[in-house]
Structure formats: structure tokens, C-alpha cells
Amino acid sequence: MSSLEQMYQQVIMDHAREAHGRGLTDPGLIQVGQSHQVNTTCGDEVTLRVGLDGDRVASVSWEGQGCSISQASVSVLHDLVEDHTLAEAESAMDAFRDLMQAKGEGLDDDKEDLLGDATAFVGVGKYPARIKCAMLGWMAFKDALIQARKDES
Amino acid sequence: MSSLEQMYQQVIMDHAREAHGRGLTDPGLIQVGQSHQVNTTCGDEVTLRVGLDGDRVASVSWEGQGCSISQASVSVLHDLVEDHTLAEAESAMDAFRDLMQAKGEGLDDDKEDLLGDATAFVGVGKYPARIKCAMLGWMAFKDALIQARKDES
Amino acid sequence: MTFPDVRDDFPLLTRTVRNGKPLVYLDSGATAQKPRAVLDAEREFNERHNGAVARGAHLLAEEATGLFEAARAEVAAFVGARADEIVWTENATAALNLVAGAIGNASAGIGGEESAAFRIGPGDEICVTEAEHHANLVPWQQLAVRTGATLRWIPVDDDGRLDLDRLDTVVTERTRVLAFTHASNITGVISPVETLVARAKEVGALTVLDGCQSVPHLPVDVAALDVDFMAFSGHKMLGPTGIGALFGRKALLDALPPAVFGGGAVKTVTMETTSWQEAPMRHEPGTQPVAQAVGMAAAARYLSALGMDAVAAHERELAAILREGVADIPGVRLLGPAWDSGATDVIGLAAVAVDGVHPHDVGQVLDDRGIAARVGHHCGQPLHRRLGVTGSTRASGHVYTTQDDARAFVEALATVPSFFGVSA
Amino acid sequence: MTFPDVRDDFPLLTRTVRNGKPLVYLDSGATAQKPRAVLDAEREFNERHNGAVARGAHLLAEEATGLFEAARAEVAAFVGARADEIVWTENATAALNLVAGAIGNASAGIGGEESAAFRIGPGDEICVTEAEHHANLVPWQQLAVRTGATLRWIPVDDDGRLDLDRLDTVVTERTRVLAFTHASNITGVISPVETLVARAKEVGALTVLDGCQSVPHLPVDVAALDVDFMAFSGHKMLGPTGIGALFGRKALLDALPPAVFGGGAVKTVTMETTSWQEAPMRHEPGTQPVAQAVGMAAAARYLSALGMDAVAAHERELAAILREGVADIPGVRLLGPAWDSGATDVIGLAAVAVDGVHPHDVGQVLDDRGIAARVGHHCGQPLHRRLGVTGSTRASGHVYTTQDDARAFVEALATVPSFFGVSA
Ligand SMILES: Cc1ncc(COP(=O)(O)O)c(C=O)c1O
Ligand SMILES: Cc1ncc(COP(=O)(O)O)c(C=O)c1O
């Protein structure tokens, strides 16, 4: 498998073509956070909204445009964190960041199990410029969580 | 003679110590021009006043402070142009500029005769940074002449 | 007449990328590679002649000053200017900001009566075009914020050419500055300088030309173009990073107050007030990029030896291959005018949008083949928006670019739609 | 502990001057010579990794970006800062102007509410000292012109030390900015940073430190100094010309509007408005001095390997020889405090005035012996005026300066009065 094929694995292509969670929805919850992030290299943007129900990530929806890596990444993010606990979501977030920093080498089995489909992004870690693309949605998610929890206090 | 001794010939030292024409005077003439020049490298300044009487440079006086080269140079300038015709003054000005550009080599006999004491400045031409010092008074003279002749029209 | 193969002069071009693939460098519009002559000139300066410029009486200071001023004269001659009409800057962006910032300073009273002619304010207009690089748009837009003047612009048509029908209504008696690019870094379109300058003169506006994409690729003569100011960069014309230049008419540069203040630019400084030197010194405060000036002059010399007419002809051939080539690929759209061998208003680059494929993904496929192209908005968001896309993929050549390089781009691009499953 | 002899690392120092005389380079305060490690780092970058930074998806762009950001991290660590607190600039002058210009822009409404905290105007005061280099005086003086604020200054005493008795009356609740030099390039005096910063904090003023003469010669830690901004130059710390840096607290840099506008610094640009990126990018429009950043990092690495404590101790020994030596010569006056082996507030330089002999003439005698010293006002006209002279002759050392170099200066200086016939 060439580096290029390793980067654009079928899973990624599929998520890019049919992204999950696209289209901002009203979670109908009290704890809602939203974040808008821009990849300044190319102008790609994502707006992501999170609804929290206690310590559960009840809803993740987003809107945006970008390269296949950034779109597929938000899509798997949606699958990994929606309907999971905050703790699980944060573990997924950490594991994904580790994957990006692994320079294409992969992670230990525990973490890869945690990531599921998202391990397909392993090839992106070889390309520093593309890590930004893959992280765009996750940056928005992280920031949206902060916004949502602000309402707590 | 070392380059240093060639630069600081006795004539120059003498003119520097006892400069001619120092102290601005009122020429009591109609065609008077004055110019203030600054050597921005070191902050040296000269203010030079010219009084014209028809086509004769009737009076040259100046005020200023600076290195021995700049002071001696205004002093010989005074001697070369005061009480000479405008044409003679301009020839002297040209010859002095040529001397500065001769890279320490000297000029042909005609021009050296014209310059008299001022040929002692030959050594300055080897030092681009010092040419500015030697030219300071001459720049002021040139500009003051322009000012004086403005009143003609 | 065939253009000489000069690749051996460029050390970087011998390197391989991505598992031993030969490098196909097509990102010269962003930054060019440097010939050995440039690197050697800089190194020679640093190893033999480095000293404080215009400030010392010792031998090294003298030599450094001599080389620095000789470099200025060479770069000036390269664009048809006099030496004292060239101000060194950090890059072209800084050169454009120098003019805008100085006008802002004049408007705030700096420079006093000497600079009063540059004052602008509410009711005055500053004019740019829709084709500008951010470097020649944002400084003017923010000058308008700062002074209360109004920013206007000449729109472009679907081909990226300036809509000259609008010239007379946009550039009017209220226009104080007309700033425009000589050649677009996206569409490659060369502006009708003569027409724009004529109109600016008619209304008494200053003209500011962005020469970033023309000076490295075409013969440029500021005297013939008759502009008031022109900015250009060292690194795009085979010179070092860290240096650019502003051309300005001497009388204008002398009256313009400084945009940036410091040592070496002043005549007399007291705690209360400062008087400035003449141009170019008044606009060059602080220790200048001296070794870089020497390198930029070496670049100008290198280009002159090739001959800018020959360079332009060479790049026209590249343009033909690129622009004709991409136009034949289904699903690929060329930004700017289609290739027309009769038209002379396009430089040697091609920016494309691939239907359904994001530029980043296009770039990745190219990079995998060792092709270095640029993806994104190329600092021209408004122009991309006007052309209906958010970004593009650009191939841009220079003297070392071969026709095979251009063909490699076209071939690789042709594989993109199917790779991403978007072929027609 | 003896400091290692590093002269072999500096190619330029092997050259001879003025008829084969060995070079005694004592003009490091103006600009330093560069070790081979710096020249090699730049060349290696240009020959192997040059590409557009932060803008491309291709391998060279990736490598160039990586090296550029690694250089930032290294230079940041060298002064005790975080990487995102360092902005690259053309030189220290540009760094100081960046802060002053941005405050001016904020005051003109640029940056909107986000930047409102930086707005100044009539009734506000900007404070400097009488010991400033023009680069840290004129930008503030002109900011006052631009905004209607008032410039005030802390005077110096006859020794060139700040008159701290005046601190509380000069720096008051009206003071918005306190800008001062870390070490004087004329007297060599090190400012009492702690006292000045404490007073600035008391009144809520921003502190701007000119680190040009400290960063190359002393251990400097911005966190410990607790200043808001600090400017320094590459070329004075053994790095390339064409680059300098501004340290700023991240939160301040993020809120400060740009002083200079262009590509790479923006988030979204329309013809009407622009939004900026975070710091440091928002303050780095245009193509940056990339090779120079890599060279400046190599210089920081070189100095760190020697150890800045050892460098400072070495230069203190030079100071002792220079300052004690010149004080013994009849008719020579040392500017700044007499040497006192107990005092720790002087860096390794000496500027002198020779009774009855102009600095240019002094410099000529030195140059004839192969000694490169600096003559003139060293961009400090107000300080010279305060000390009762218009100019001086300065010897300033660096890591490659030997004690013999310092002695050669003293010996040559001793011949000056008699050469010009002004001996007592
Ligand atoms: C104390 C001080 N401040 C500022 C500067 C200006 O530095 P640069 O010329 O590198 O901008 C210098 C050097 O000339 C200096 O010595
Ligand atoms: C048309 C145009 N103008 C301005 C610039 C800015 O040049 P620099 O980045 O060298 O300041 C560029 C290059 O990025 C350009 O292509």
C-alpha cells in the first residue's frame, strides 16, 4: 500500500462522501456549546455543536466544508463521541491526537480498539500539513465542550 | 609616508587647528546665500554663508564643528574661493571633487596647481567614509551659491 | 531559440522527495529556489566583508557599505530605476505597507508640512482591484479604517480580467491612491498598466504597483510603466528570503514621512523631535538585510545574464503546456483565461479547481508523485470567491522549470478525479 | 576558568586589513561576526529544504515549516519564552515599531473591541529614558505625535545611570507604556529592570524592553524579568542580518492588532473587512525571513553551547581591560561609569571621548592599525548630548574578542592625543 493509499483508505473515502452528523441540529438541551474553527492554510471551516446531558455527550452536529480528510474526520468524531460519556469522549479525543502524532506508526491495540474506524487516519500522521485538516473538527469539539460546560457554572 | 600620515598632512593639521573663514559674517551685500549641512554618520554640521558681488564670490564665512578633515576642508575652501570669480570657484569645486574620487592617486598638474594647499587632501580619497567629511563644506558652498543666485531672478 | 537548461545551477533541485522520487518543483509563485551564485554571494559577504553599513570609519564598514550600495544600484537597474529610488524592505508585503503606513502617518500629522500632500481622510478614496493578493488589499483596507477614507475596487470578469468598463466610475477625482497588481498570482493575468496609470494621472491619484509576480518573470521597467511606486520580493526572483524592495519616485520618497522609525534614518534627534534624512535612508531605519541585499543583486545579475525577454518566452511556453493541458482534463477548471497563443497578458502559471475534490486532496496526489504545487487560496480569498471557488491548486514555474515538469503536472492532475471516484 | 578561544569558528576573523594587518574587530555592538555553524545552517536550509512556509501541502513546504517553527522554539527557549510568544521581525527596530505601530493602530480603531485596551490618546503618557537608542525613542515619540499622547522620559545622571529619584514623578497613573533599554550601547550600563517593572506594574503600564545589547551578551530570561515585550536582533547575537524577534506575552500579542498587514496573518478577508489569526501569525504577514530564522536559531544554539554565564564573565573581563585601560590615558574620557570590579551593571564595551580630537579622527588612527571600532553618535544623540559630547569612539566585544584585542584598542588610543598634537 503506497503512502497515498494508506492515507486515503476506503473508510476515509466513505466517511468523506457520506459524512455522519452533518447539518446543525437543535439538541433541545440546556447545556449546548458551539465552536467555529478555520484552517487558515486553506480557509476550510467547521462549525460544530455539542449538547450535553449530564455527563453524556447527547448530540454532536456540524456544518462545514473542507478536504476529504477534514470531512471524514468530523464524521468519525461524530460516531466516536455521540451517545458516549464525557470521559469516553475525552479518551477518544486523546487517542486521536496520539494517532496524529504517531508519524504513521499506529498505536497500541487498546487505543486502536478505542478508535475503531478512526484508526484509518493513521496515514495522515506522516503529513504535518494534513494533521491540521484531521484535527479541525476535534479542535471545534474541544472548544464546544468548553462552551457547553461554561453554562454549568 | 603611511596612509595615515598621507591623510593627515601638516597642511591639513594646520588648517584644522586654525581654520580660515570661521565665524559667520554679514557680507553687507544683496546676493547672499546660506546653507546648513549635516554629516549624518557622525552628526557633524556646517553652516556656510556666501556673499556674491556680481560674478565675484565676495565673502565666504562659516560656522560648524567636526573632524579635522571637515574643518580643514572648509578652511581651504574659504581660501580657494573667496575673492575669486564664480567661474574660478566652480573650477575649484570640480577639481576638489575629482581629487576625492581619485582614490588617493592625485590629479594632473593643472588641476593640482589650481587646488594648491587643497591637494593635501589627496589621501582622503582612499577612505570612502571620510570623503563625506571632506565634502561637507563644499556641499554647503554649492547649495549656498544656489540660494544666493535665486535672489537674482 | 531554446532556453538553456539551468537546473544544475540550483542545488536544491537535485534532491529527491517521498521515497526517492525526483523533485518537480512547481511552487515558484510562492517562493523560488536559489542558484548557487546567490548563495555564494551571500556567503562571500558574510565571510569576508560583513560590517556595519553607513556607520563606521573602519575598513569592513567601508567594504560592507560599498557592497550594499552597489547591490542597490544593481537591483535598481534591473527594474529601470535610479539607485536612490530603491528602498530595501523585509519583503514585498513590507514595501506595500511602507507606502500605506507612511500615508497614514502623514495623515496623522507626522512629517508636518513637508508631507502634507499625502494626507487623506473622509471623502477621499483609495482604489484597489478584486484581483489583489492580501498584501496589496489589507494595508489599503486598513488605511481606510485608520483615516476615514473609503476603499473602492475595480471588479474582475469571469476570466479574472479587470472590468475596464468600470474604471472611470471607480477611479474618480476623489481617488488618491490606485494600487493594483502587475500580474495575478492566481489567474496569471497581466494588468493593463498603461490604461490604469493614464486614468490615475487624469485624476491625480498615486499609483502603487505590486510587482511580485512580474519582476521575477518579465522585463519590467518602472520608468516605462510610469508608476509612482512598485513593490517586489527577493525570494520570488531567485534571491534570498528576508529582503524585498520598494521603488518610488525620488521626490515622493523624499516627501513621504517614514512608516517605521529608528536609527540610521534620522538627521537630528532630540527627546522632543526628529528630522529625517533624504530617501532612501529615511525609510531604512535599523540594521538592514545587508547580506540579503547582496544576494538579491546576485539574483538580478543571474536573471539579467539569462535575459528577461528569454525568461518570459520560456515561461510562456510553460504557460501553454500548463493551461492547454489542464483544460483538456474533464472535471478540471482553469481559473483565469483559457490559453490563447495570441494573447500576451498571462504569465507562466495555472491554478485549477477540480470538481468535487478539495485542493488539499489534489495536492496530496501530486506530492505523492514528487510534484510540489501550491494548494489553498494563495492569499487571494476575494478573487477565489469571485470566481466561485474557495481554493485552487496552482502550478507555477521559473527559469529552472522544464517542459517535462509542466507535463508531469498535467498528467498527475488527470489521475485525480478517478482517484477520488469523482470521474464523470 | 578560561573562556575557550573560538576565533577559528569565525571565517571573517582570519582576514587581514589595511596592508596585511591582522583584524582586531571591536565593532560587535553594531553588528557581530558569524560562526561557520550559522552560515552552514542557512546554506543547508537553502540547498535542501527551502519552500513556502505554512502554506503548502508538499514535502518541501512541510520541511521548511518544520524547520522554521523549530527555529522559533529554539530562539524562544534562549530568552526564556514560549514558542508562541516569539514574533519574527526584520530586526529589533522593526520589533519595537511593531508594538508602537500596533498601539497606534488600536488607537485608530483597528482591531476593534478586541484591541480597545491598547488605545491611547491625549492625557495618556508614554515613558522612555534618556539613554535610549533612536530605535527605542523615535517610534514612541512619533506614536505620541500620532495619538496626542505625551512623551516623558527618565533622565540619566552624569555616569549615564538612570536617575531613579525621578522614577515616581515621571512614571505615573497616566503612563501607559514604559519602554527602556536593558543595556546601553554607549555607556554599557544595565538598567535596573526589576525596579522599573515594579513601578510600571504599580501604575498599570505596559513594559517594553530593548534587549539588543543584553540578549547577545548576558543570560536573559523574559519570564524572570517579567516584562511584557522585548525586542532583539539576530545580527548582534552572531546570527544573520535580516532578522530580529519580538517577545510578547501571548495574551497581549493575541489582542494587539497587526502593525503591518498582508497574507498569512489573516483568517478571513473580504474586500470590506479582515479578521486576524492568533499570534504569532497575525504579526507575521508576508513571506518571512525563513533561512534567517534558521540561522538565528543556530546562533542561539552556538551561544548556549558556550553558556551565557561564561559569555558574560568573558565579556566582563574585556570590560575591565577596556574601561580601566582608557581611564589611564590623559585626555581621554570614558562615557558612563568608571570601572568598578564590584559593580555588575556594565556590559563589555567602552565608549570614549578624546579631548580636542573628533571621533572620526580617532577612528582613523585605530583603523590604520587594523582596529575596527565605531565612531559617531551610535544612534544615541540625546544621551551623547546629555553627557556633553556629540560623539564618541566605541570598542565593543563578543565571544571571539580576545583580551589582546582589548589591549590593542587601549594602546592605539593612547597614541591619539600626541598624533593630533593635543597631548597635555
Ligand atoms: C540598544 C540598541 N537598540 C536598538 C538597536 C537597533 O537594532 P537593529 O539595528 O538591529 O534594529 C541597537 C543597535 O543598533 C541597539 O544597540
Ligand atoms: C501578487 C503578490 N503580491 C504580494 C505577495 C507578497 O509577497 P511577500 O510574501 O514576499 O511579501 C505575493 C506573494 O506571496 C504575491 O504573489
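Chain identifiers are assigned alphabetically (A, B, ...) following the order of the sequence lines, protein sequences preceding nucleic acid strands; residue numbering begins at 1 within each chain.
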Let's test your reading of the structure: which of [options] forms the most heavy-atom pairs below 4.5 Å with chain D?
{"options": "P382(C), A92(C), A30(C), G370(C)", "answer": "P382(C)"}
{"options": "Q381(C), Q292(C), M271(C)", "answer": "M271(C)"}
{"options": "G148(C), A108(C), S107(C)", "answer": "A108(C)"}
{"options": "G380(C), A259(C), G262(C)", "answer": "G262(C)"}

Heavy-atom distances under 4.5 Å only: say whether [X] touches chain D with side chain, backbone, both or neither.
{"X": "V128(C)", "result": "side chain"}
{"X": "L23(C)", "result": "side chain"}
{"X": "A100(C)", "result": "neither"}
{"X": "T273(C)", "result": "backbone"}
{"X": "N50(C)", "result": "both"}
{"X": "D40(C)", "result": "both"}
{"X": "V266(C)", "result": "side chain"}
{"X": "I243(C)", "result": "neither"}
{"X": "T129(C)", "result": "backbone"}
{"X": "F10(C)", "result": "neither"}
{"X": "Q141(C)", "result": "side chain"}
{"X": "T89(C)", "result": "backbone"}
{"X": "N105(C)", "result": "side chain"}

If you count heavy-atom pairs within less than 4.5 Å of chain C, which of [options] leads?
{"options": "E132(D), E42(D), R48(D), E63(D)", "answer": "R48(D)"}
{"options": "L98(D), L12(D), D368(D), L13(D)", "answer": "L12(D)"}
{"options": "E272(D), H377(D), K236(D)", "answer": "E272(D)"}
{"options": "T274(D), T31(D), V269(D), V145(D)", "answer": "V269(D)"}
{"options": "H49(D), H134(D), K34(D), R36(D)", "answer": "H134(D)"}
{"options": "V17(D), V290(D), N46(D)", "answer": "N46(D)"}

T241(D) and Q288(C): side chain donor to acceptor below 3.5 Å: no

Short side-chain donor-acceptor distance under 3.5 Å, T287(D) and H235(C): yes

Partner residues of V362(D) under the side-chain contact (heavy atoms from CB on, under 4.5 Å) criterion, sequence neighbours left out: V354(D), V357(D), L366(D), T393(D), L413(D), V416(D)

For E47(D), side-chain contact (heavy atoms from CB on, under 4.5 Å) partners two or more places apart: P11(C), L39(C), R43(D)

Whether H58(C) and Y25(D) hold their rings parallel, tilted or perpendicular, with breakpoints at 30° and 60°: perpendicular

Sub-6.0 Å ring centroid separation between H378(D) and H133(D): no

